[in-house]
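Before any comments, here is the structure.
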Protein chains: 4
Amino acid sequence: MTRRTVEPVDAEDTGTTETKSARTHARLLDAAAAVLAEKGFAGTRLSDIAERAQVQAPAIYYYYPSREHLIEAVISSGAASMRAFLERTLAELPDTATPTDRIAAAVEAHLRHELELSDYARAVVRNANQIPEEFRRAAITEIGGYYEIWRGLVEDLRAAGQLRADVDPSVGRMIVLGSLNWTVEWWDAQRGPIEGVIAVAQSMVLHALRP
Amino acid sequence: MTRRTVEPVDAEDTGTTETKSARTHARLLDAAAAVLAEKGFAGTRLSDIAERAQVQAPAIYYYYPSREHLIEAVISSGAASMRAFLERTLAELPDTATPTDRIAAAVEAHLRHELELSDYARAVVRNANQIPEEFRRAAITEIGGYYEIWRGLVEDLRAAGQLRADVDPSVGRMIVLGSLNWTVEWWDAQRGPIEGVIAVAQSMVLHALRP
Amino acid sequence: MTRRTVEPVDAEDTGTTETKSARTHARLLDAAAAVLAEKGFAGTRLSDIAERAQVQAPAIYYYYPSREHLIEAVISSGAASMRAFLERTLAELPDTATPTDRIAAAVEAHLRHELELSDYARAVVRNANQIPEEFRRAAITEIGGYYEIWRGLVEDLRAAGQLRADVDPSVGRMIVLGSLNWTVEWWDAQRGPIEGVIAVAQSMVLHALRP
Amino acid sequence: MTRRTVEPVDAEDTGTTETKSARTHARLLDAAAAVLAEKGFAGTRLSDIAERAQVQAPAIYYYYPSREHLIEAVISSGAASMRAFLERTLAELPDTATPTDRIAAAVEAHLRHELELSDYARAVVRNANQIPEEFRRAAITEIGGYYEIWRGLVEDLRAAGQLRADVDPSVGRMIVLGSLNWTVEWWDAQRGPIEGVIAVAQSMVLHALRP
DNA sequence: AATGAATGAGCGTTCATTCAT
DNA sequence: CATGAATGAACGCTCATTCAT
């Protein structure tokens, strides 16, 4: 019995060679992410997770020693996934990409991952400060890493003389991230294609930061 | 048994002429707002509220028929309070205030109210989508009204030819509000004076929206 | 809400002035003692206790913070009661009572209390080594005190030259107490009057110890 | 699937010719006896037994249809073992052995078996009355037989005019057995050599019974 | 011969709620 | 006006047991 360590976004390439155990485990983690994203930390019931994963609640204890461990695994996995997705996106940019290009790409990555791809990311974002300290132990490095990347993006912009003087880098970064994070609260597919939101967000973020 | 309809921000000037009942009622609602703002909807326990209000839990039932009604009252009151605060702020602006001035004032009002003044506003903002539909019945008008004011602010900007063409008014408004709402997740007084955040936010919001 | 500190043997003199709470509390503790005496530590279910006390199981939590605390209270109370009963019995003996007289009286006190009077004593005796260390914290002093009294009784016998030379005082004491403790496993009222057992036990104990 | 009928005390000389199944079976029964002796009936978990026997819990069901049957087998086996051990001990005594000699030998056999040799005996003794009636069905004959032997020993003493008149044979027997049984609750090897306890017990028992 | 995977029953506990006082 | 006392529903979790492999 191994814990699922690959981030769920990659889960698509797991073929039919998966064992039954691995499949149940994945269903469980996915279900937990979905419930956590929807109901929030305190509202997340094991019975809801179990129902969604199509097992009985005690089956969870075959894979995780407690509710706490399961939630921690979701947050951990979600945070790692967000960071990996952003890192990969940035890595794929050509060397000629400017700080501005990179921020635009980061905005798109953040929104796509959060809105389109992953309950895990939504679980992380929506429960950011709702979850007790001890549930985040394992995720703190990842979350810190994610914020660090953004810090770097803003710093690069500043170094290139492209950050407006009246924007404190730290506050500016949080305001940008806030506007992106909050999209989970209002955007849904019926509101139109995600590309529309991405384009507006990119434009607004860059105008907000640059001279 | 009367519901408390005056918004809690004003509650401070309630003198000593209030009855004991009214005072307990106020303590209860304030306590509920504080707990709701901190713990979130599902994490809010009547016992926590009661403790904070210095009564026994069943006393709540003298003022509200259920947990649901109490929470609804907080959200309602919080939403009304946010709207009233914003309306008053805008009303106090001179007639010569431009759409830009008005948006800057609205940003400041939003942040001050949410960060500095009111657990009620924080309760509304943080639990925005976490609370089941039926808990918001009474608040929906107020919340709708609040959003409507912002819609007007953005529309005025657009009418004045000051809204950039690539900013969809509706999406733009939500992105701005998201960046403001999210401040409750990261700002705290130790991070420096609120005026710093307000200034940066105003600048970023206006640059994001205007040509 | 006060914990019941008087030992249950004395409970008989509580008149009708008792509050309802005190009566429920007493029923609960009595029920816990009875179940513990009968089913043993691991076999003691809160639901059994509740049923016997004629309340619903969660009512227990109005009086005790956990199963552990309730059981601890029974053991504590039981141990204190045994000790008090023995001390009182010995104190009531005339000053002219010999060490032999005192041991005979102690044997009777032990048996009467354990067999006739108190589920609490039976709960203590039968669960002596079955209960985890931490459940006995509060009772350890009392239990230690009880054993200490017996140590004194045997020592007095020895000092009076009435302890046979081949009886190690410590082992001898445990063998005597074992024979008394074990009566809870086999004696019941249908086997005849308790006085019969007491007489035989006294005779055997004294012949076992004395020259 | 065969039940293990040989008493466990003899189990040590089972050679390597035993099948793997028989060895697992033996480990299981031994583990059950150990856990039962230590934790008591209600505290005995199949998972503890399995761990001690180094198998997974469901493996137990290959050998026993239920927890009940396993425990019953331990008790049965333990009772049979006690009886056999006592019978053998008595049979090995010379024909010239007096009733007194035989009781002394029985005391030693009881203590050695219980304290030194067998978790099975300790499981029987400590759970004597803790185990529901139906778990003892199979053991009742053996236990009855064991008590019967002791009845005979006391009766022989009486017939030889060596039982004090004020000792009821039945009560006397239970008091003696109680003092011996209870040793499992307090004696441990660190308290000194078992021979010390045996000597004191023999002396006390005989002085308690004889004129 | 034994395990991995999962379940159903039940336990200790929490919590919103009731009701007599 | 508020509490003390108690309850019913539900939750997290444990455990004996099942069953395909």
Side-chain angles (χ1 to χ4, degrees), chain A residues 1 19-25 28 42 44-50 53-68 70, chain B residues 1 19-25 28 42 44-50 53-70, chain C residues 1 19-25 28 42 44-50 53-70, chain D residues 1 19-25 28 42 44-50 53-71:
Chain A
M1 192 200 88
T19 64
K20 188 187 174 201
S21 172
R23 268 180 284 122
T24 305
H25 192 169
L28 224 39
T44 293
R45 313 254 167 270
L46 290 192
S47 55
D48 292 341
I49 295 173
Q54 299 187 82
V55 293
Q56 298 301 313
I60 292 171
Y61 289 84
Y62 187 77
Y63 297 92
Y64 294 94
S66 72
R67 174 181 182 271
E68 164 162 359
L70 171 53
Chain B
M1 196 197 86
T19 66
K20 187 186 171 201
S21 171
R23 267 180 285 122
T24 302
H25 191 169
L28 224 41
T44 293
R45 317 248 166 274
L46 289 194
S47 55
D48 293 341
I49 296 173
Q54 301 188 78
V55 292
Q56 298 299 314
I60 292 171
Y61 289 84
Y62 183 77
Y63 297 93
Y64 295 93
S66 73
R67 174 181 183 270
E68 166 163 350
H69 284 85
L70 171 53
Chain C
M1 192 199 85
T19 65
K20 188 187 175 200
S21 171
R23 267 181 284 122
T24 303
H25 192 170
L28 225 39
T44 293
R45 314 254 166 270
L46 290 193
S47 54
D48 292 341
I49 295 174
Q54 300 188 82
V55 292
Q56 298 299 313
I60 292 171
Y61 289 84
Y62 188 77
Y63 297 92
Y64 294 94
S66 73
R67 175 181 182 270
E68 163 161 1
H69 283 86
L70 172 52
Chain D
M1 192 197 86
T19 65
K20 186 184 173 204
S21 171
R23 267 181 285 122
T24 303
H25 191 167
L28 224 39
T44 292
R45 316 250 165 275
L46 289 193
S47 54
D48 292 342
I49 296 174
Q54 301 188 80
V55 293
Q56 298 299 314
I60 293 171
Y61 289 84
Y62 184 77
Y63 298 92
Y64 295 93
S66 73
R67 173 181 184 270
E68 166 162 350
H69 284 85
L70 171 53
I71 291 181

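A note on names: the letters A, B, ... follow the listed sequences, proteins ahead of strands, and every chain is numbered from 1.
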If you find the nucleotide of DNA chain F closest to B:Ser21 and the one closest to C:Val55, which residue's nucleotide is nearer the 5' end? B:Ser21
In B:Tyr64, B:Tyr62, B:Tyr63, the residue satisfying side-chain hydrogen bond (donor to acceptor under 3.5 Å, both in side chains) with B:His25 is B:Tyr64
Taking atom CD as the centre, does D:Glu68 end up with more than 12 heavy-atom neighbours from other residues, nucleotides or ligands that are less than 6.0 angstrom away? yes
Among F:dA6, E:dA2, F:dA16, the nucleotide that comes nearest once only the side chain of C:Lys20 is considered: F:dA6
What is the distance, to the nearest angstrom, from the NE2 atom on C:His69 to the P atom on E:dG12? 16 Å
Candidates F:dA2, E:dT13, F:dG4 - which lies nearest the side chain of C:Pro58: E:dT13
If I take atom CG in residue D:Leu28 and atom P in nucleotide E:dT3, what distance separates them, rounded to the nearest angstrom? 10 Å
Tell me: CD1 of D:Ile71 to C1' of F:dA16, nearest whole Å? 11 Å
Taking for A:Ala59 and for D:Ile60 the nucleotide of DNA chain E with the nearest heavy atom, the one nearer the 5' end belongs to D:Ile60
Between atom CD in B:Gln56 and atom C1' in E:dC19, what is the gap in whole Å? 16 Å
Nearest to the side chain of B:Ser66, heavy atoms from C-beta on, is which of E:dA5, E:dT17, E:dA1? E:dT17
From the list E:dT13, F:dG12, E:dA16, which nucleotide is the closest neighbour of the side chain of C:Tyr61? E:dT13
Which listed nucleotide (E:dC15, F:dC13, F:dA16) is nearest to the side chain of D:Leu46? F:dA16
What integer distance in Å separates B:Asp48:CG from E:dC15:P? 8 Å
Find which nucleotide of DNA chain E each of B:Glu68 and D:Gln54 is nearest to by heavy atoms, and output the residue with the more 5' nucleotide. D:Gln54
Just wondering, do D:Arg67 and D:Thr44 contact through their side chains at under 4.5 Å, heavy atoms? yes
Nearest-nucleotide 5' precedence on DNA chain F, D:Ser47 against B:Ala57: B:Ala57
Whole-Å distance between F:dA5 P and C:Tyr64 OH? 14 Å
E:dT18 -> Watson-Crick or G-U wobble partner, both distances under 3.5 Å, gives F:dA5
Would you kindly give the OH-to-P distance between B:Tyr62 and F:dG4, to the nearest whole Å? 17 Å
Looking only at the side chain of C:Arg67 (C-beta and beyond, no hydrogens), which of the listed nucleotides E:dG12, E:dT18, E:dG4 gets closest? E:dG12
